[in-house]
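Chain identifiers are assigned alphabetically (A, B, ...) following the order of the sequence lines, protein sequences preceding nucleic acid strands; residue numbering begins at 1 within each chain. Computed from a prediction, not measured in an experiment: that's the story for all the values here.
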Amino acid sequence: MEYNFKEIESKWRAFWAENKTYKVVEDPSKPKFYVLDMFPYPSGAGLHVGHPLGYIASDIFSRYKKLKGFNVLHPMGYDSFGLPAEQYAIQTGQHPAVTTEQNINRYRDQMDKMGFCYDWDREVRTSSPEYYKWTQWIFKQLFDCYYDKDLKKAVRISDLIKKFETNGNAGVNAETDLEDDFSASEWQGFENEQKEKVLQHFRLAYLADSWVNWCPALGTVLANDEVVNGVSERGGHPVEQKRMRQWSMRIKAYADRLLEGLDRVDWFESIKEQQRNWIGKSKGASAFFSLEKGDDKIEVFTTRPDTIYGVTFMVLAPEHPLVEKITTSEFKDKVEEYKKMASLKTERDRQSDVKNITGQFTGAYALHPFTGDKVQIWIGDYVLASYGTGAVMAVPCGDQRDFDFATHFGLEIKNIFQDIDISERAYAEKDAAIVNSDFLNGLSAKEAIEVAVAKIEQMGIGKGKVNFRLRDAVFSRQRYWGEPFPVCYKNEIPYLIDDKNLPVELPEVDKFLPTEDGEPPLARAHKDAWNYFEGDRMEYNTMPGWAGSSWYFLRYLDPKNENEFAARDKIDYWGNVDLYVGGSEHATGHLLYSRFWTKFLFDLGYIPFDEPFKKMINQGMILGRSSFVYRIKDSNKFVSSTLKDQYDVTPIHADISLVENDKLDIEGFKSWRPEFKNADFITEADGSYVCGHEVEKMSKSKFNVQTPDELVEKFGADTLRMYEMFLGPVEQSKPWDTKGINGVHNFLRKLWRLFHDQNGDVCLSSDQPSKEALKTLHKTIKKITDDLDRFSLNTGVSNFMICVNELTDQKCNNKTILEQLTILLSPYAPHISEELWIKLGNEAGTMTFAKFPEFNEEYMKESSFEYPVSFNGKMRFKVYLSLELNPKQVEEHVLGLEEAGKWLEGKTPKKVIVVPGKIVNIVL
RNA sequence: GCGGAUGUGGUGAAAUUGGUAGACACGCCAGACUUAGGAUCUGGUGCCGAGAGGUGUGCGGGUUCGAGUCCCUCCAUCCGCACCA
């Protein structure tokens with residue numbers, strides 16, 4: 001019997017499903033291992049070959065860990081709320097739940113064909129009410145907590161209220177944007193409405209008027225990580241700044257812990273670095289500059305307090321609250337004009353207009369805190385209102401932007417760096433000694449920073465301070481297809497819905513569009529359409545896409561629990577994710593938010609860990625390899641790629657299914673589209689047409705999408721699994737190319753032949769395995785184990801090929817050897833392994849729970865070694881020598897060889913290096 | 001500008017601790033077989049050279065008996081962040 005992958009694969013797929021082979025339950029007798037894939041958004045296009053890359057890798061690893069005796073949790077689900085389903089719904093009127101369901105079914109079908117070992121009984125969908133009930137519940141906890149900076153953790157808001165009742169907000173060290181002070185009696189005198197307003201400044205999920213990224217085309221706000229280069233990440237629509245009342249998450253409270261936790265996880269450095277940049281911690285000092293006139297003070301933030309004597313002017317953001325107050329009447333009009341101009345610029349304009357220096361003098365002066373000198377106060381849009389204090393002390397000698405500003409407007413530039421020429425540009429390094437700076441003179445930058453901060457604090461004009469770039473995350477979206485908030489309003493004060501009434505389900509609406517008054521789609525729902533309704537109205541916004549994905553890894557632990565998001569004993573057993581596999585594009589979104597929620601749930605004692613993902617592997621993107629045909633201008637004639645330079649041609653994408661090894665299927669191309677029906681071809685001498693190619697993102701419009709289904713059909717899932725791994729290291733981006741897939745397929749056929757005779761009958765020997773075969777096997781065991789442990793799955797495939805090549809040369813059909821090999825291979829190619837497993841006389845379905853072979857060094861022992869002999873580091877010849885020889889003996893033997901004499905050229909070697917079992921190097 | 005990653009044959013790549021550069025595969029070349037199968041088998045294939053040999057891991061330098069691997073300078077490509085004070 002030939003290797004009939006179709007029959008074998010469908011047989012085992014059915015077997016696994018029927019027997020629930022991959023179902024897992026808590027088992028205290030075994031160590032646990034949690035392998036997680038980033039769950040997909042089920043889009044209408046289905047999976048292409050790039051999606052399963054990470055799933056295959058994690059599947060191999062899960063199967064390996066099972067064979068190693070671990071109880072492996074390996075679940076899958078769907079991030080099923082999101083924009084595309086809703087936009088499709090707006091166009092067609094089809095309910096997003098319906099399209100989502102269809103897409104999920106297609107994804108499931110595609111994944112099943114790959115032979116993944118997911119425990120599908122644990123599937124979660126973020127859009128199902130049973131799931132989002134708990135997303136709502138977590139939101140409620142966030143609403144009900146504030147961040148205590150002394151305890152460095154989230155604490156219930158009731159504790160805060162107690163403090164307010166006894167002491168007002170004096171002595172409260174909480175993460176808040178509230179600046180006013182109030183006493184206990186003032187607090188007690190507040191109306192409920194006023195109290196809630198105050199509390200909103202403390203809650204971790206809070207309602208506030210804030211500047212948000214508004215995307216008119218999508219009709220919704222976006223989080224910072226959803227805006228890329230001033231346009232929306234999805235769809236590329238323009239985004240503008242708008243002030244709106246929105247739910248936000250006080251993620252800033254966790255900035256320091258999010259930074260610190262990165263040191264405790266095993267992730268790629270690039271991802272950690274991206275998160276560090278995004279959090280953007282900078283240490284420095286804040287200092288108050290008093291004004292020449294009036295009692296107001298301007299607070300600035302600087303990372304270089306050592307350069308304070310270089311200050312020659314100040315710049316405020318145009319939106320800075322003091323601008324209006326300090327501007328002299330003489331400059332009022334000009335300042336107003338500048339402010340207006342700045343406000344009209346979108347974020348995008350400001351970014352693309354970095355080189356253009358603009359600003360306006362306010363007419364006011366501040367006093368230098370040390371020298372008492374008058375310094376001009378300007379406004380300029382290079383100073384951002386949202387970072388630091390919205391004001392900078394300008395040090396043109398030490399900061400290029402300040403330098404450019406000063407040069408442009410002819411402001412003074414004072415040099416405070418010893419032996420540094422600043423006539424051309426600012427000196428931003430920290431290597432020069434400080435001069436012209438009174439008490440800082442002669443100090444290095446590092447020393448001067450400390451001394452300056454101490455002095456500033458001593459004088460009471462400021463203090464050492466840490467600033468973060470991270471902003472609080474906007475949490476409401478004006479969309480339909482998302483989690484409803486467990487919130488209602490009474491007199492416009494938000495109230496939480498009681499746990500017993502959760503989930504608040506998505507109500508039916510007549511259209512998925514905003515109302516005429518611009519309210520979100522949920523405002524269309526009639527009171528009766530809500531499964532629960534309270535107060536004057538329910539919250540109309542829905543949660544953003546990252547809400548459901550911020551905690552899904554916890555739900556897999558106990559997916560059907562109706563009373564808790566997961567039972568504590570299950571959480572304790574499974575713990576956090578041991579290996580997380582997914583794309584790196586989530587570095588500043590999902591991966592940051594899920595860490596935030598994990599830390600929060602840890603603070604409240606619901607989970608015993610504060611980092612969700614211990615180790616993470618980020619698979620590279622699989623790019624498409626587009627094929628091109630070249631049409632000669634104004635004709636229907638196509639010229640082969642190698643000859644195209646002789647003509648004036650237009651490249652046209654050809655569907656990659658019509659191309660094999662860059663050769664075009666000419667007849668197929670003619671019938672592909674009507675306009676090519678009568679096409680002519682200028683071919684190579686052998687009559688073939690060679691296509692050009694280019695690496696691009698996979699997309700329908702480029703006809704370069706490769707679906708896994710086609711390849712499973714053609715070669716089988718085992719071949720595709722191994723081929724995707726064979727392509728190169730998982731973390732590397734690479735273009736998809738089916739060129740080498742035959743090689744992998746042939747390998748599996750060759751493996752099959754080891755078990756069968758020429759007639760295709762099973763033919764296995766039960767004799768003692770040969771020494772040679774044992775050596776091959778154990779060499780392979782060692783390599784495969786090492787490869788898996790360091791996630792080098794491409795070399796794993798190579799090592800299987802080497803093994804099968806060697807066993808074929810040895811004509812090995814030994815049962816013991818082949819059985820061990822089958823177990824080794826089963827994580828990579830589970831279907832064929834199961835089939836061979838029963839041919840070896842084992843019971844169906846027991847393969848998954850077999851024991852992974854152990855490497856035994858005994859079989860690898862050699863008595864001799866083929867030494868490479870080098871002269872001056874150049875390998876010249878090889879010689880077999882006993883490994884029992886000591887270095888001196890090796891040297892003597894090698895120097896006595898005729899071959900050596902040729903290279904010695906009669907000279908006496910200066911030195912001979914012998915590394916036993918490795919190399920001989922002769923230095924002449 | 002800052003940060004991260006990468007650079008090896010015609011192609012995908014390997015070389016885990018400094019020790020035979022190019023494993024394994026694709027492709028290509030030559031041949032065998034034939035039940036014509038997306039077969040199988042044998043040999044070859046970094047580059048230059050008829051050969052002996054020379055040369056070779058982005059460039060240039062250094063350390064070392066020995067460097068793809070370690071150090072320094074530079075170049076190129078990709079990714080992320082960016083008027084962040």
Selection from B:A85, B:A15, B:G12 that lies nearest to any side-chain heavy atom of A:S282:
B:A85
Anything below 3.5 Å on both distances counts as a pair; with that, list the stems of at least three consecutive Watson-Crick or G-U pairs involving RNA chain B.
B:1-7 with B:75-81, B:10-12 with B:24-26, B:27-32 with B:40-45, B:46-48 with B:53-55, B:60-62 with B:70-72
Using a distance-only test with no angle check, is there a side-chain donor-acceptor pair under 3.5 angstrom linking A:K779 and A:N799?
no
Without hydrogens or angle criteria, can the side chains of A:E299 and A:T389 be said to hold a donor-acceptor pair below 3.5 Å?
no
Listed in order of residue number, which residues of residues 272-281 of chain A have a non-hydrogen atom at under 4.0 Å from RNA chain B?
A:E273, A:Q274, A:N277
Which parts of nucleotides 39-70 of chain B does protein reach within less than 4.0 Å, heavy atoms only, written one letter per nucleotide 5' to 3' as B for base, S for sugar-phosphate only and - for none?
SSS-----------SS----------BS----
State whether A:R401 places a side-chain N or O below 4.0 Å from either non-bridging phosphate oxygen (OP1 or OP2) of B:C84.
yes
Any N/O donor-acceptor pair, A:K878 side-chain to B:U20 base, under 3.5 Å
yes
Please tell me whether A:F409 and A:F313 form a close aromatic pair, meaning their ring centres lie under 6.0 Å apart.
no
Look at the rings of A:Y3 and A:H745 and say which category their plane angle falls in: under 30° parallel, 30 to 60° tilted, over 60° perpendicular.
tilted
May I ask you to evaluate whether A:Q732 reaches the phosphate of B:A13, defined as a side-chain N or O under 4.0 Å from OP1 or OP2?
yes
Rounded to whole angstrom units, what separation is found between the CZ atom of A:F313 and the P atom of B:A85?
16 Å
Parallel, tilted or perpendicular for A:H368 and A:Y309, by the 30°/60° rule?
tilted
Measure NZ/A:K430 against C1'/B:A85 and give the value in whole Å, please.
12 Å
What's A:D402 touching, base or sugar-phosphate or nothing? Going by heavy atoms closer than 4.0 Å.
nothing
Show which side-chain atoms of residues 584-592 of chain A pair as donor or acceptor with protein atoms under 3.5 Å away, not counting sequence neighbours.
{"residue": "A:H590", "atom": "ND1", "partner": "A:S549", "partner atom": "O", "Å": "3.3"}
{"residue": "A:H590", "atom": "NE2", "partner": "A:Y580", "partner atom": "OH", "Å": "2.7"}

Which of the following nucleotides, B:U11, B:A14, B:A23, is nearest to the side chain of A:P729?
B:A14
A:R469 side chain N/O closer than 4.0 Å to the phosphate oxygens (OP1, OP2) of B:A82?
yes
A:T302: partners by side chain to side chain contact (heavy atoms under 4.5 Å, CB included), with sequence neighbours left out:
A:R304, A:P305, A:M393
At 4.0 Å (heavy atoms only), tell me whether A:S270 reaches a base, stays on the sugar-phosphate, or touches nothing.
sugar-phosphate
Syn/anti label of B:G9 as read from its glycosidic torsion, with the cut at 90° from 0
syn
Checking A:H778 now: which residues fulfil side-chain hydrogen bond (donor to acceptor under 3.5 Å, both in side chains) with it, not counting sequence neighbours?
none
Quick one: label A:N805 by what it contacts on the DNA or RNA (base, sugar-phosphate, nothing), any heavy atom closer than 4.0 Å.
sugar-phosphate
For A:I741 and B:C24, what is the distance between atoms CD1 and C1' respectively, to the nearest whole Å?
16 Å
Under 4.0 Å from OP1 or OP2 of B:A85: is there any side-chain N or O of A:Y387 that close?
yes
